[in-house]
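Have a look at the structure below, then the notes.
Keep in mind the model is a prediction, meaning the values are calculated, not measured.
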Amino acid sequence: MLGQSTRRLLGMGFLGQSRSQAIQVLPRFYHERVVDHYNNPRNVGSFDKNDPTVGTGLVGAPACGDVMKLQIKVDDKTGKIVDACFKTFGCGSAIASSSVATEWVKGKQMEEVLTIKNTEIAKHLSLPPVKLHCSMLAEDAIKAAVKNYEAKRAEAAPLEKAADA
């Protein structure tokens with residue numbers, strides 16, 4: 001029995017069993033939500049970073065090499081986030097965290113998205129402790145995108161006042 005289990009774990013399977021059949025019996029190490037967001041990521045892409053209605057957050061984790069860019073598009077009149085997108089170079093948990101973050105920020109007010117915590121993302125995706133930094137990156141990316149958008153608005157405000165004068 002031990003020999004058969006070892007062969008299965010190593011991908012050799014039982015005699016006459018293909019490698020793909022052997023892999024299918026291995027337990028899944030990621031929660032199904034992580035696998036879903038990794039295989040079918042939502043809102044992948046980019047907006048024009050020079051667009052005054054777009055806020056860009058670019059964050060990275062030197063320890064693992066993950067880099068996450070999250071962008072929000074804001075309706076200037078209502079302050080509501082009308083769209084969001086991301087590009088992430090990293091593991092499946094980082095990609096899933098980015099995907100969830102973009103889904104959660106859409107349709108919310110700026111103040112509301114700042115309350116999204118990494119612990120909520122980690123709990124939603126059932127991330128193991130070793131992958132919590134991925135959800136922290138997503139929270140940091142949201143905050144950085146909001147900060148970037150607000151900095152653009154503050155920069156544009158004096159120009160608008162001068163044009164009105």
Show the numbers, then the answer: is there a side chain to side chain contact (heavy atoms under 4.5 Å, CB included) between C91 and C64?
-> CA-CA 9 Å; C91 66; C64 67; over 6 Å; no
Side-chain heavy-atom pair R153, D76 within 4.5 angstrom cut-off | yes
Do side-chain atoms of N118 reach the backbone of S135 as a donor and acceptor pair under 3.5 angstrom?
-> no
Check whether any side-chain heavy atom of C134 sits under 4.5 Å from a side-chain heavy atom of D66, and report yes or no.
-> yes
Could you walk me through whether I81 and K73 pass the side chain to side chain contact (heavy atoms under 4.5 Å, CB included) check?
-> CA-CA 6 Å; I81 297 171; K73 186 174 276 240; over 6 Å; no
I121 CD1 to S99 OG distance, which is reported to the nearest 0.5 Å = 10.5 Å
Contact summary for P52 and Y149, nearest pair of heavy atoms | O-CE1, 3.6 Å
In terms of heavy-atom contacts, does NZ of K117 have more than 12 from other residues, nucleotides or ligands at under 6.0 Å?
-> yes
Output the distance between atom OG1 (T53) and atom CG (D75), rounded to the nearest 0.5 Å.
-> 8.5 Å
Identify the heavy atoms of I95 and G90 that sit nearest to each other, and give their distance.
-> CD1-O, 3.7 Å
Under a 4.5 Å cut-off applied to non-hydrogen side-chain atoms, are V105 and I142 in contact?
-> yes
Nearest 0.5 Å please: distance from the CG atom of L137 over to the CE atom of M68.
-> 4.5 Å
Do V146 and V113 come within less than 4.5 Å of each other through their side chains, counting heavy atoms only?
-> yes
Can you tell me if K152 uses its side chain to pair, donor with acceptor, with the backbone of D51 under 3.5 Å?
-> yes
Can you tell if the side chain of V100 reaches within under 4.5 Å of the side chain of H37, non-hydrogen atoms only?
-> yes
All heavy atoms of V34 vs all of G92, minimum pair found to be CG1-O, 4.0 Å
Go through T102 and L70 one step at a time and tell me if the side chain to side chain contact (heavy atoms under 4.5 Å, CB included) criterion holds.
-> CA-CA 8 Å; T102 59; L70 188 140; 4.0 Å; yes
Nearest-0.5 Å distance, OG1 of residue T78 to CE of residue M110 | 10.5 Å
For the pair D36 and R42, find out whether any cationic side-chain nitrogen is under 4.0 Å from an anionic carboxylate oxygen.
-> yes
Results of side-chain contact (heavy atoms from CB on, under 4.5 Å) for K123 - residues two or more places apart only = none
Does W104 offer a backbone N or O that forms a donor-acceptor pair with the side chain of K108 under 3.5 Å?
-> yes
Consider only side-chain N and O atoms of S46 and K69, and report whether a donor and an acceptor are under 3.5 Å apart.
-> yes
Which atom names give the shortest non-hydrogen contact between K106 and D83, and what distance separates them?
-> CE-OD1, 3.2 Å
Closest non-hydrogen atoms of L127 and S97, given as atom of the first, atom of the second and distance, are CD1-OG, 3.9 Å
Are D48 and V54 close enough that some pair of their side-chain heavy atoms sits under 4.5 Å apart?
-> no
Co-membership, hydrophobic cluster, residues I116 and L114, 4.5 Å side-chain | yes
Answer yes if V35 and L125 sit in the same cluster of Ile, Leu, Val, Met, Phe, Trp and Tyr residues linked by side chain heavy atoms under 4.5 Å apart, and no otherwise.
-> yes
Counting N and O atoms only, with roles assigned by atom type, does the side chain of Q71 sit under 3.5 Å from a partner on the main chain of F47, one being a donor and the other an acceptor?
-> yes
Note: A122 and L132 closest approach over all heavy atoms is CB-CD2, 3.5 Å
Determine, step by step, whether E120 and E139 satisfy the side chain to side chain contact (heavy atoms under 4.5 Å, CB included) criterion, reporting the C-alpha distance in whole Å, the side-chain angles of both residues, the deciding distance to 0.1 Å, and the verdict.
-> CA-CA 10 Å; E120 295 166 330; E139 179 185 345; over 6 Å; no
